[in-house]
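Working notes, beginning with the structure itself.
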2 protein chains.
Amino acid sequence: MRHIRTKISDVARLAGVSTATVSRVLSNPAMVSADTRAAVQSAVAATGYRPNMAARNLRHRRTGGIVALVPDLANPFFSKILSGIASVLGPAGYNLLIADTRTSGAERLLDYAEPSRADGLIVLDGSLPAEALRGRVPLVEACEWVPDLAAPRVRIDNASAAGLAVAHLADLGHRRIGHVSGPAGNVLTQARLAGTAAALAARGLPFPQTAIHDGDFSLEAGQRAAALWLAQPADHRPTALTFASDAMACGFIGAVQRHGIRVPQDVSVVGFDDIELIAHITPALTTIRQPHAALGRVAAQRLLAVLAGQPGAEDTILPVELVIRSSTAAPAPGR
Amino acid sequence: MRHIRTKISDVARLAGVSTATVSRVLSNPAMVSADTRAAVQSAVAATGYRPNMAARNLRHRRTGGIVALVPDLANPFFSKILSGIASVLGPAGYNLLIADTRTSGAERLLDYAEPSRADGLIVLDGSLPAEALRGRVPLVEACEWVPDLAAPRVRIDNASAAGLAVAHLADLGHRRIGHVSGPAGNVLTQARLAGTAAALAARGLPFPQTAIHDGDFSLEAGQRAAALWLAQPADHRPTALTFASDAMACGFIGAVQRHGIRVPQDVSVVGFDDIELIAHITPALTTIRQPHAALGRVAAQRLLAVLAGQPGAEDTILPVELVIRSSTAAPAPGR
DNA sequence: AATGTCAATGTAATCGATTTCAGCCGCCAG
DNA sequence: CTGGCGGCTGAAATCGATTACATTGACATT
């Protein structure tokens with residue numbers, strides 16, 4: 001049981017060389033003669049030496065860490081993306097630091113955007129202040145984005161994704177289609193709402209204010225939307241709804257089912273995200289599949305490219321997919 | 001737009017003092033006279049100086065980071081716990097580093113258990129090799145644990161939690177109760193299986209091998225268990241099942257429903273974990289609620305206590321709760 | 001007046017690795 | 001025999017902050 005950290009000078013002394021040589025063996029072995037190299041390597045093995053990262057980082061003026069700024073770590077949607085990020089960053093030799101932007105104050109955010117804290121930033125929260133991030137550490141945005149922040153973005157085409165959902169419902173014959181949106185001010189909310197409106201307009205279908213429910217991505221918002229929907233007269237309310245998140249769709253379905261409403265016979269539901277569980281509920285949810293892991297992976301790769309000196313400011317748009325399951329059907333006759 | 005990092009000597013020069021004084025103003029202001037302090041503070045403000053963490057860490061022989069070793073970052077169960085960890089670590093001035101033990105190889109694990117990488121470790125994966133973690137960085141275990149590793153553990157009483165589920169079903173009148181377990185070798189699997197067996201034995205109920213399905217916590221395992229259950233003759237198969245995870249329970253319910261089986265009328269189901277969504281599916285899942293966020297918070301607090309020099313090696317057991325929803329009912333008469 | 005105390009500040013060592021620069025040695029060409 | 005070159009190595013500077021120790025001057029004590 002070794003208690004004192006062995007440092008490079010210990011190894012050097014044991015091997016009978018200078019610290020410079022030890023360092024070279026570790027980082028650029030070809031530079032050192034075979035004999036010395038072997039001596040150093042066995043000294044390293046004997047002492048169990050591992051370089052001190054803080055010292056190395058200080059000298060290299062880098063940290064080896066990349067921070068992901070997440071709005072809500074507890075949300076499974078984000079954890080999938082983080083998983084994708086981690087799968088790229090780990091093998092590339094970077095540490096993944098995670099900061100929950102809701103938990104930590106604005107002051108801390110500035111700390112994270114510090115070159116001495118992290119070499120780069122992956123921003124998953126579009127509601128952060130642009131000025132706190134501008135002109136600091138290299139960053140990319142994933143999924144969400146901060147308006148007015150010029151940074152590479154890895155995302156989906158939210159408007160046309162929302163349009164896919166509408167098209168599917170319209171093709172089934174629905175004419176009164178509603179939408180439950182995300183939180184006000186969120187960039188995704190706006191894009192998906194706009195895409196919904198555009199797709200409806202393109203088919204000459206109405207989209208009155210009463211067909212839009214303000215949500216916030218949460219299960220509870222889905223339940224609230226259900227209460228409002230149930231309160232509308234059955235021959236006026238939408239026969240189908242698109243949701244800005246699967247969680248809301250799930251909350252809606254659970255709530256209306258408890259009132260004897262059948263999905264999809266009485267109302268069709270399309271979610272958004274394709275989180276894992278919702279393929280297994282009854283009815284299995286029709287939804288827009290986001291490539292969660294790929295979003296994270298690509299964002300991480302883009303950031304690595306930026307760090308390697310390849311600027312490339314354009315956005316990366318990943319494809320989505322309409323996954324048709326059992327929560328959508330043609331509207332009941334006469335509705 | 002400032003491009004060169006300002007360092008402490010720049011501030012010192014501007015304020016007309018030595019770097020030592022600047023450092024003291026920043027870390028121990030009371031040590032410096034009011035005049036000098038004001039001069040330094042305005043120089044700091046003027047330059048926008050922020051200390052270099054690598055240099056500070058090197059000098060302090062600490063990293064300011066804590067690593068969480070997670071088996072599967074994409075699993076919502078773990079992300080809730082991480083969220084709890086983050087909520088404690090952030091305010092305490094620590095960075096949270098996350099490593100996915102499945103993604104990163106065993107070599108990397110050793111790196112993370114390095115004092116120069118992290119000041120402490122929170123282990124959420126009980127399948128890691130004890131020898132890789134022993135005698136290194138201070139650590140605590142949460143939820144799962146590594147056998148033979150003497151470290152503070154923050155967890156629930158898995159055996160009695162599993163017993164709660166059995167008791168509930170037995171009280172409803174079920175006599176053939178099955179269990180779908182976690183992956184072989186997992187400490188939780190063993191504890192929950194043992195608790196299930198003990199509770200059944202205490203009530204004189206049978207627990208044959210055929211009533212145990214080997215799972216792995218995943219949705220798919222639940223589906224597989226459903227196929228096996230469906231294949232058993234209706235008057236011999238269990239009238240109720242307890243699951244080692246909600247995900248498996250969810251996969252089971254979805255699969256049997258597709259075969260016309262009604263839950264809970266035809267079979268009762270009890271999950272484990274109480275992940276968010278399963279309260280909103282139909283039927284709402286009866287389950288054992290784990291205090292996810294609290295597990296993370298307490299684990300983080302215990303680690304901070306260890307780092308502060310309070311050893312305290314005993315386990316912390318957090319309470320669980322049986323949440324009765326709609327997936328359990330008395331067995332059909334005559335079964 | 002000599003001495004001690006204390007507060008405020010500066011000087012320089014330190015944390016541990018990397019890297020520049022210079023020196024040494026051996027060998028080859030002139 | 002000498003100048004030059006290339007391969008290998010070590011001494012020392014460096015990264016940027018913290019802190020042990022030394023210094024200064026003001027003031028109190030005897």
Side-chain angles (χ1 to χ4, degrees), chain A residues 2-41 43-44 47-65 93 111 114-119 137, chain B residues 2-41 43-44 47-65 93 111 114-119 137:
Chain A
R2 168 178 20 86
H3 282 294
I4 39 152
R5 299 270 314 150
T6 74
K7 33 190 201 177
I8 199 169
S9 58
D10 300 329
V11 179
R13 194 172 329 109
L14 184 61
V17 298
S18 74
T19 62
T21 300
V22 176
S23 176
R24 285 191 273 252
V25 169
L26 263 33
S27 59
N28 194 354
M31 218 176 180
V32 176
S33 73
D35 290 357
T36 344
R37 197 188 317 146
V40 170
Q41 275 159 350
V44 166
T47 54
Y49 168 73
R50 330 210 79 212
N52 179 308
M53 294 310 247
R56 173 177 291 181
N57 289 342
L58 175 57
R59 181 69 230 224
H60 279 157
R61 295 149 153 282
R62 55 158 253 163
T63 70
D111 285 351
E114 264 300 290
S116 72
R117 274 287 181 103
D119 298 332
V137 167
Chain B
R2 165 178 22 83
H3 282 293
I4 40 151
R5 299 271 312 153
T6 72
K7 34 190 203 174
I8 200 168
S9 57
D10 300 330
V11 178
R13 194 172 330 109
L14 184 62
V17 299
S18 73
T19 63
T21 301
V22 175
S23 176
R24 284 191 274 251
V25 168
L26 263 33
S27 58
N28 193 354
M31 220 177 179
V32 176
S33 75
D35 290 357
T36 349
R37 197 188 316 149
V40 170
Q41 275 159 350
V44 166
T47 53
Y49 167 72
R50 329 209 82 213
N52 178 308
M53 294 312 248
R56 173 177 291 181
N57 289 343
L58 175 57
R59 181 69 229 228
H60 280 159
R61 298 149 153 281
R62 54 159 252 161
T63 71
D111 285 351
E114 263 300 289
S116 73
R117 274 286 182 104
D119 299 332
V137 166

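Since we're looking at a predicted model, the values are computed, not measured. Side-chain atoms are counted along with the backbone in the values below, which use heavy atoms only and exclude waters and symmetry mates. Below, chains carry the letters A, B, ... as their sequence lines are ordered, and counting in each starts from 1.
- If you check dT19(C), dA11(D), dA8(C) against the side chain of Ser18(A), the one that comes closest is dA11(D).
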### Message
What verdict does the salt bridge (Lys or Arg N to Asp or Glu O under 4.0 Å) test give for Lys7(B) and Asp10(B), after you've listed the backbone C-alpha separation in whole Å, the side-chain angles of each residue and the deciding distance to 0.1 Å?
### Response
CA-CA 5 Å; Lys7(B) 34 190 203 174; Asp10(B) 300 330; over 6 Å; no
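- As rounded to whole Å, 12 Å separates atom P of dT18(D) from atom CG of Asn28(B).
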### Task
Apply side chain to side chain contact (heavy atoms under 4.5 Å, CB included) to His60(B) and Met53(B), showing your working.
CA-CA 10 Å; His60(B) 280 159; Met53(B) 294 312 248; over 6 Å; no
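- Comparing Met31(B) and His60(A) by the nucleotide of DNA chain C whose heavy atom lies nearest to each, the residue mapping closer to the 5' end is Met31(B).
- Along DNA chain C, the nucleotide nearest to Ala55(A) and the one nearest to Asp35(B) differ in position, and the one closer to the 5' end is contacted by Asp35(B).
- Taking only side-chain nitrogens and oxygens, Arg37(A) never comes nearer than 4.0 Å to OP1 or OP2 of dC8(D).
- When each of dG16(D), dA17(C), dT18(D) is scored by its nearest atom to the side-chain atoms of Arg56(B), the top-ranked nucleotide is dT18(D).
- Closest contact between the side chain of Asn52(B) and the listed nucleotides dA17(D), dG16(C), dA12(D) involves dA17(D).
- In this structure, CZ of Arg13(A) is placed 12 Å from P of dG16(C), rounded to the nearest angstrom.
- In this structure, Asp10(B) places its CG atom 12 Å from P of dC15(D), rounding to the nearest Å.
- Looking at Arg50(A), its side chain never comes within 3.5 Å of a backbone N or O of Pro115(B) through a donor-acceptor pair.
- Counting atom types as modelled, Arg24(A) pairs a side-chain N or O with a base atom of dG10(D) as donor and acceptor under 3.5 Å.
- Side chain Arg59(A) to base dT14(D): a donor-acceptor pair is found below 3.5 Å.
- If you take CG of Leu26(A) and P of dT19(C), they are 12 Å apart, rounded to a whole angstrom.
- Listed nucleotides: dT9(D), dT11(C), dA12(D). Nearest to the side chain of Thr21(A): dT9(D).
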